[in-house]
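Every chain is numbered from 1, with letters handed out A, B, ... down the list of sequences. For clarity, every value in this text was computed on a predicted model and none was experimentally measured.
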There are 2 protein chains.
Amino acid sequence: MNTKQRLIDGTLQAIRTHGIAGVSARTVAACAGVNQALVFYHFGTVDALLVAACHTATAERVQVYRDRFAAVGSLRELLDLGRDLHTEERKQGNVAVLAQLLAGAQTDERLAPPVRAALNLWTNEIESVLRRLLDRSPLADLTDPAGLARAVSAAFIGLELYEGVDPTGATAALDALDQLATLTDVVDDLGPLAHRALRRHTRKERPPRKQTTRRGLPQTPTDQA
Amino acid sequence: MNTKQRLIDGTLQAIRTHGIAGVSARTVAACAGVNQALVFYHFGTVDALLVAACHTATAERVQVYRDRFAAVGSLRELLDLGRDLHTEERKQGNVAVLAQLLAGAQTDERLAPPVRAALNLWTNEIESVLRRLLDRSPLADLTDPAGLARAVSAAFIGLELYEGVDPTGATAALDALDQLATLTDVVDDLGPLAHRALRRHTRKERPPRKQTTRRGLPQTPTDQA
DNA sequence: GTCTATAGTAGGATAGAC
DNA sequence: GTCTATCCTACTATAGAC
């Protein structure tokens, strides 16, 4: 039972070190310090091991942040938590693992569902915070928490990958988003006049574009609560 | 000379079909319809072929959109162009290629510089549009165009990968960003009162956070103009 | 459950004929 | 420039000893 865990940890380490392209039963076993044949004894295939590692790693990390997500009281605080989370998880290489798995899942349909489930674990946390924050904000009519949460997750992954090839640029990107977040403070502080202006804009329907979904997530499978 | 091009095209096709993890001299040659040994004759290593493909593909596509970037006159139009670009390039699989290369570059230091250069081709376009749009907007003091352009690029890549495992969620994310973009319309329309409020917020320095860069890109290598 | 050994396959790279 | 043939390495997966 201990070996299964060592293999999973070894898998995560292998992904961090060699990327999804460099993962093999041999590299994983080397990182785990166990025999290569044990990969197949315990998991059958390398793919299945990746699936197991994907779930374990994400569920663990989401759990760590659950309380902090629940304590968030403003968009500003959410952004700050996002930055902390980014710094901390980057150091541990957990976002990198998820990004690599996501890249691998693009062309591996057996990996796609577990990766989607893993992403949903993060997305659901963000979504519930956003729903809570935006519900009685003047932005309520303007935003779909579910969609926005997914946009945030996607951007997070993108920034992680971006940072891998251009750390300075990634820092500038985060700082820019930080500056931009001031906008939400402004909206919160402007008072009833701005609220009325916002509503005016919201009601004024924009010219329709060719879009599949107009608002919200009609029937997205959530995979994991 | 024709074979080099066929190999590059074959590489892009191989990345689209098999992902970065499935790229090899053999798969590339198969996609290109040429002999496997020609990869090494023309490019020396598979890595070098990836580098060449990375540059060619990106430069070509950026060129296609250059005029349309130049014609953008508002943030709303920029978002619309982004959506069009997303739809079109997704169909052709070009964003997917860049995303896969980016994932591969995380653990391949020979691939990282060319991928950064390729990303910069896109980022520079976006940055110049943002700079033009934001220069005389009330948002000018609030935003760093260089950083924001990088955030946009990163989010774009992230959304592409997200879409690969959850198309419905990705659509919801794009729709949410679309809704949110209304915020910029509001700011533009609120008039001098809001401008003054914005300035008040901008001047009121927020408590300092541990950040390496406070504003702008001091000395980021641009790689490619 | 864990190890060694090994079959069978795919991939990087080169030599040499054409 | 392009092809065949080939070497060597690394990989997945299994069989069988312990």
What residues, two or more places apart in sequence or in another chain, satisfy salt bridge (Lys or Arg N to Asp or Glu O under 4.0 Å) together with B:R16? none
Strictly by modelled atom types, are A:Q5 and A:D9 linked by a side-chain donor-acceptor pair under 3.5 Å? yes
Between protein and nucleotides 2-10 of chain D, map the contacts as a letter string: B base, S sugar-phosphate only, - none, heavy atoms under 4.0 Å, written 5' to 3'. BSB------
Give one of base, sugar-phosphate or nothing for A:V46, where a contact means two heavy atoms less than 4.0 Å apart. sugar-phosphate
Whole angstrom value for the distance that separates C1' of C:dG11 from CG of B:L49: 15 Å
Heavy-atom distance under 4.5 Å between the side chains of A:L50 and A:I15, does that happen here? yes
In whole angstrom, what separates A:F40's CZ from D:dT14's C1'? 10 Å
Report yes or no: does A:R66 contribute a side-chain atom to a donor-acceptor pair with the main-chain N or O of A:E125 at less than 3.5 Å? no
Just jot down the side chain to side chain donor-acceptor pair (under 3.5 Å) partners of A:T17, sequence neighbours excluded, or say none. A:Q13
